[in-house]
Amino acid sequence: MKSVSEKKAISPWNYKPWWCQPWSILLTGTSLIGGSWFLLKTVWITVLVAIPLLAWMGFFLLVWPRLMLSSGALDSHSD
């Protein structure tokens, strides 16, 4: 049995592919929001693009990792 000091911190990001890592989520979201502004230069369209993208980014960067850790689903994979 491992002691507390020997246990590695469980990260839900270790179980996701490269295209679903925090850096790729941030890069994709900011590129799409910035791209809509760069192409159209219209505030209201950029806001319409930004709202669902920010919700998507917020969910996958803030909510999803906490849900995975609190669910205990990763505990069985850490052995």
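Note that the numbering runs from 1 along the sequence shown for the chain.
Listed here is the closest heavy atom pair of K16 and Q21: O-NE2, 2.9 Å. Shown here for T46 and I33, the closest heavy-atom pair between the two residues is CG2-O, 3.9 Å. Taking each heavy atom of L40 and T42 in turn, the nearest pair found is O-OG1, 2.9 Å.
One hydrophobic cluster holds both I10 and M68 under the rule that ILVMFWY side chains link at heavy-atom gaps under 4.5 Å.
Residue-environment remark: CH2 (W18) stays at or below the threshold of 12 foreign heavy atoms within 6.0 Å.
Not a single donor-acceptor pair under 3.5 Å links the side chain of T28 to the backbone N or O of I25.
For the ring-ring contact (aromatic ring centres under 6.0 Å, His included) test, no residue two or more places apart in sequence or in another chain qualifies with W37. With sequence neighbours excluded, the residues forming a side-chain contact (heavy atoms from CB on, under 4.5 Å) with S11 are W13, N14, listed by chain and number.
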Return a table of donor-acceptor pairs under 3.5 angstrom between the side chains of residues 48-66 and protein atoms on other chains or two or more places apart.
none

